[in-house]
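Have a look at the structure below before the remarks.
Heavy atoms only: backbone and side chains are in, while hydrogens, waters and symmetry mates are out. If you're wondering where the values come from, they're calculated on a predicted model, not measured in any experiment. Just so it is clear: chains get the letters A, B, ... in the order the sequence lines come, proteins before strands, and each one is counted from 1.
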There are 2 protein chains.
Amino acid sequence: MKRTDASAPRLRGRPRGFDREAALERAMEVFWRQGYEGTSITDLTRAMRINPPSLYAAFGDKERLYLEALERYQQGRRDELGPLLDQAPTARQAIERLLHEAARLYAQPDAPRGCMLMLSCTACAETSLQSQLAKRRADVKKALKARIERGLAASELPRGTDVDALADFYTTLLKGMALQARDGASRRSLVAAAEAAMRAWPARRR
Amino acid sequence: MKRTDASAPRLRGRPRGFDREAALERAMEVFWRQGYEGTSITDLTRAMRINPPSLYAAFGDKERLYLEALERYQQGRRDELGPLLDQAPTARQAIERLLHEAARLYAQPDAPRGCMLMLSCTACAETSLQSQLAKRRADVKKALKARIERGLAASELPRGTDVDALADFYTTLLKGMALQARDGASRRSLVAAAEAAMRAWPARRR
DNA sequence: TCCTTTTCATAGCGATCACTATAAAACAAA
DNA sequence: TTTGTTTTATAGTGATCGCTATGAAAAGGA
């Protein structure tokens, strides 16, 4: 095997025999599909094609590997969805496009169904992990809320609109869509739910 | 200890020293809080106050105990929510009351947050269990759809309303509310999401 | 009283869990 | 080459997993 990570400064000892990023990608897929508790080190080492000592040397332990895999997942989602939120001309269109894109991503054929973050540790014994994940999920709401507030400031929404409640509503729907996708819902069905949710958008005038 | 289950026909051997229903109730609580994979037999025997052989003699194995606990949970929910759906004067009010009642139940202080069914095995390695649960969750949609269809038949909804999509939407919201509750959402916040979702109800005239 | 039946608590089964001690292998520096 | 550093694969560690063998205890029937 050859060293594949050319970006790191050449160190002294024997070079790593596997691609750290590729291994992390494979670990992410397994965690995404099976969850934290449902995934064993054996599952991981088989998917990553490395032995346990290599895993522990490169990633610390199971929990840190999980968090790093989740961070990688979230970074990918932020890269896809962030510009979509920012660049939409109105808050309404931003949310609409976000939901449609989520419907597409959650039902992709070549990836685990649903959202790795939303479906993580929803009922699990790892309380410390659970609270960390709840916090990350709360960040999603914050992003929606910020975009909606921009729309309110631009007078797109009725004065006095409860932005927090609206952000909560669409976050709730995103979580529900993730679970629906995991239960086998088609992209079409997810899009229909997204479109129904857009009917709840506050009317311009009242 | 005394025999507590007086309804069963007296059998020959030594009488059971614990209340089967009470033990099942305690098992339900643990599974509800920690999920299937996050709960060990030790967790269960401690909560149920029995030893492993008693658990296996009375309930079969871990999976069957789980399914029986889940059935008990669902029966309770059906008893509370079923009449609410049936007796509401219109489909719209039926869904509205259901969502409000779900908000209350999901944020009860003396029970695990969220819904045992909706949060079960959302990402887990037990694929057979996962598909069973997906099926049970699909039954919730069926119940909503049936009620909405009644409303359509009673001309409460515009002709040509996509009842399936509407049922999917409110099921999606229910799943999302369960996840929100598990992440710490208040009853007030859940109610707000429910009310927002009711704005998506089809207009009477168009 | 004695036999049969069922449940009980103790103790422990093999398998798997997350994780690691060890030493050979593969590199850079001396 | 020699030395030092890091990664490698093998082969485990103790702990916990779901589950059960065993024999005493507690009941009814003979």
Flag the pair B:R78 and B:E71 as a salt bridge only when some basic side-chain nitrogen lies within less than 4.0 angstrom of an acidic carboxylate oxygen.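 Answer for the salt bridge query: yes.
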For [X], which residues count as a side chain to side chain contact (heavy atoms under 4.5 Å, CB included) partner, sequence neighbours excluded?
X: A:E68; result: A:R20, A:L24, A:F59
X: A:D43; result: A:V30, A:Q34, A:T39, A:S40, A:R46
X: A:L157; result: A:I148, A:L152, A:T161, A:L166, A:W201, A:P202

All pairs passing salt bridge (Lys or Arg N to Asp or Glu O under 4.0 Å) where [range] contributes a residue, at least two apart:
range: residues 110-128 of chain B; answer: none
range: residues 51-62 of chain A; answer: A:D61-A:R64
range: residues 23-32 of chain B; answer: B:E25-B:R72, B:E29-B:R33

| task | Measure the distance from CZ on A:R16 to C1' on D:dT5 and round it to the nearest whole Å. | result |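 From A:R16 CZ to D:dT5 C1': 14 Å.
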Between C1' on C:dT7 and CE on B:M48, what's the gap in Å once rounded to a whole number?
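Going from B:M48 (CE) to C:dT7 (C1'), I get 15 Å.
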Heavy-atom contacts under 4.0 Å between residues 50-65 of chain B and DNA chain C, which residues?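 Listed by number, they are B:N51, B:P53, B:S54.
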Using a 4.0 Å cut-off on heavy atoms, which residues in residues 24-46 of chain B reach DNA chain C? List them by number, or say none.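 None - not one residue of the stretch has a heavy atom sitting under 4.0 Å from the strand.
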(request) Would you please name every residue forming a side chain to side chain donor-acceptor pair (under 3.5 Å) with B:Q74, sequence neighbours left out? (result)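 Only B:R136 meet the side chain to side chain donor-acceptor pair (under 3.5 Å) criterion with B:Q74.
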Sequence neighbours excluded - disulfide (SG to SG under 2.5 Å) pairs with any residue from residues 73-122 of chain B: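 Qualifying pairs: B:C121-B:C124.
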* **Pairwise ring-ring contact (aromatic ring centres under 6.0 Å, His included) hits with a residue in residues 71-122 of chain A, at least two apart** =>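 Applying ring-ring contact (aromatic ring centres under 6.0 Å, His included) to every pair that reaches into residues 71-122 of chain A, excluding sequence neighbours, yields A:W32-A:Y73.
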Would you tabulate the nitrogen or oxygen pairs shorter than 3.5 Å linking the protein to nucleotides 3-5 of chain C?
| unit_1 | atom_1 | unit_2 | atom_2 | d |
| --- | --- | --- | --- | --- |
| C:dT4 | O2 | B:R12 | NH2 | 2.9 |

